Visitor: 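Just dropping this structure here.
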Amino acid sequence: METTSDKPSQAFDVVIVGSGPSGAAYARVLHEEAPMLRVLMVEAGPLLSEQPGLHVKNLPDPHARAAAQLASQGPVTSLSPETPVPGPGRPGTFLLRPDVLAPLAGMPAAAMSSNVGGMGAHWTCACPRPGESERIAFLDDGTLDAALSDAERLLSVTALVFEDAPFSAEVRQRLAGEFPRTGSAAIQSMPLAVQTRSDGTIMWSGTDVVLGPLAGPETRGDHFELRDQTLCQRVLLDDGRVTGAVLKDLTTGTEYTTSAPVVVVAADALRTPQVLFASGIRLRALGRYLNDQPQVISAVRLPTEAVKAEAGTAVVGAARHSGVSWVPYTDQEPFHGQVMQLDASPIPLAEDDAVVPGSVIGLGWFCATETVEENRVEFDENVTDHYGMPRMSIQYSLTWKDLRTIDEAKEAVTRAGKALGTFLDDRPPFLLPAGSSLHYQGSVRMGQYDDGRSVCGPDSQVWGTGGLYVAGNGVIPTSTACNPTLTSVALAALGARAIIDRLT
Ligand code: FAD
């Protein structure tokens, strides 16, 4: 039987809800710039490895990796690992509605991760900067660029690690011929959150990298605590000011309150508005302007002569990883291309048709869509989800302009594919079901003014509630195609500094 009590009750300066890259960025900046502040981070999901937030791709044992992915797939699977994974979500994620998968209705592929590190323990690590109108116009360029640089530091972003991977130069050259761009929109290596170990192997940046010293027991200090399997049920507010949070230990069912003058809700783009809703916040824009990045995909193969020409060179022998190239967003072509060289074909090939690693190429184009108030995640006051939180449902549709953008993206993928080589099958580039991008934005969007069209101000503080901050992709107010994590971490760094100004 669950109990409600004030035990164990503790006082903190800041409570952070959610342990993904955005919550971790708050914790790290607070630790670096105001180490005297006592910070509690709570995470609904379990710890996956000794190092909190480690990217599961860094786990050498495939069984450990599969177990970590399963443990991230929500309350049902994580509590009973033998239960089959519900629905066809990506490994490490679970679908909001495992029972529906219809390409254009609502957002059937909307998914989440519940684990220490959040999706940041499973992601692909692509970290492009937003360009042109993807940027947030009311943040001055200097502030935004400095914050993006800070985010690159926190995530350990580089475009150099795979630059000389097999066939990468060939891929970039072929793309540049088809997309003759200049400056920051030119074809280039994708900036990725990765590091090279001293032995030359690759470490993917998980959320542990953002946590930095806070991920290690020796370096964490005694002012930061991470509680896994701890759900934030609601934020406590008194007269428009934060006083703490109601938490629930999911291992025992014990509910308790923690006091703090500041709470940061960094619980992903769907569950951040859920926590706010559960806390009684009813701002008009809450959950609205929900924005996904429609994803068009295809796969091609470099021509045999290009593969043969490079296959004998020293570069192929020296490089160990396949490259990722980037076709940046422009306002004229409002999508961006993630061009991933693969070591195996994504579709079955003839038995005697061996793939030379890096010569098969996955094309994934993310499209920017219009920000529409009616696209929204809604919450039910009377029905609860597996966690006992207000149940979510999503109302989402694409506009005619969005459909046109998607058609243009399909054409761009076709052009890219023809420039690169031969398509792997006869199917033309196709659109994945809405939500497949895993990049949901706008649900707690930032605005310059409290005009009913935003949930928080430029410092990420929720309008009208002193001490309540929101973080994550839901804060991004613009229509973007670029992968959002870098931008969210940048906004988190700005928000953390606003908290420091407030508390010190
Ligand atoms: P999350 O990482 O989602 O973390 C939120 C955390 O909050 C979760 O762990 C959740 O359990 C917790 N939580 C929710 N509700 C509560 C509550 N009430 N109480 C306590 N805790 C709660 N992005 C990119 O930019 N580039 C990529 O290449 C890329 N590739 C991806 C590939 C995959 C397979 C996946 C899964 C994601 C990818 N993403 C990518 C998306 C990226 O991982 C997210 O943008 C990023 O993790 C968002 O960080 P976040 O901290 O805001 O949220």
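Worth knowing before you read on, the calculation uses all heavy atoms, side chains too, and leaves out hydrogens, waters and symmetry mates. Whatever order the structure lists them in is the order used to number ligands and atoms, beginning at 1. Just so you know, these numbers come straight off a predicted model, no measurement behind them.
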Visitor: Report the nearest protein non-hydrogen atom to atom 3 (O) of ligand 1: residue, atom name, distance rounded to 0.1 Å.
Guide: Asp268 CB, 3.5 Å
Visitor: Using 0.5 Å steps for rounding, measure from the CG atom of Asp459 to the CG atom of Leu494.
Guide: 9.5 Å
Visitor: Applying salt bridge (charged side-chain N to carboxylate O under 4.0 Å, His left out), name anything that partners Arg497, two or more places apart in sequence or on another chain.
Guide: Glu33, Asp150
Visitor: Compare all side-chain heavy atoms of Leu40 with those of Gln10 and state whether any distance is below 4.5 angstrom.
Guide: no
Visitor: For ligand 1, is any non-hydrogen atom under 4.0 Å from Leu231's backbone (N, CA, C, O), its side chain (CB onward), both, or neither?
Guide: both
Visitor: Could you tell me whether His122 and ligand 1 have an N or O pair separated by under 3.5 Å?
Guide: no
Visitor: Ala126 heavy atoms, cut-off 4.0 Å: which ligand 1 atoms fall inside?
Guide: 24 (C), 25 (O), 26 (N), 27 (C), 28 (O)
Visitor: Closest by any non-hydrogen atom to atom 19 (N) of ligand 1: pick that one out of Gly206, Ala266, Cys232.
Guide: Cys232
Visitor: What atoms of ligand 1 come within less than 4.0 Å of a heavy atom belonging to Ser114?
Guide: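 Ligand 1 atoms under the 4.0 Å threshold to Ser114: 11 (O).
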Visitor: Phe379: what forms a ring pair (Phe, Tyr, Trp, His ring centres under 6.0 Å) with it, not counting sequence neighbours?
Guide: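 Result, ring pair (Phe, Tyr, Trp, His ring centres under 6.0 Å) vs Phe379: Phe277.
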Visitor: I'd like to check Tyr469 versus Val14 (side-chain heavy atoms, cut-off strictly below 4.5 Å). Are they in contact?
Guide: no
Visitor: Counting from 1, what ligand 1 atoms have a heavy atom of Pro484 closer than 4.0 Å?
Guide: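 The list of qualifying atoms is 25 (O).
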Visitor: N/O of Asn473 under 3.5 Å from N/O of ligand 1, yes or no?
Guide: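 Checking ligand 1 against Asn473, an N or O pair does fall under 3.5 Å apart.
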Visitor: Report yes if Met119 has an N/O atom closer than 3.5 Å to an N/O atom of ligand 1; otherwise report no.
Guide: yes
Visitor: Is a side-chain donor-acceptor pair under 3.5 Å present for Glu134 with Ser479?
Guide: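 Their side chains do not contain a donor-acceptor pair, so the 3.5 Å distance test is not met.
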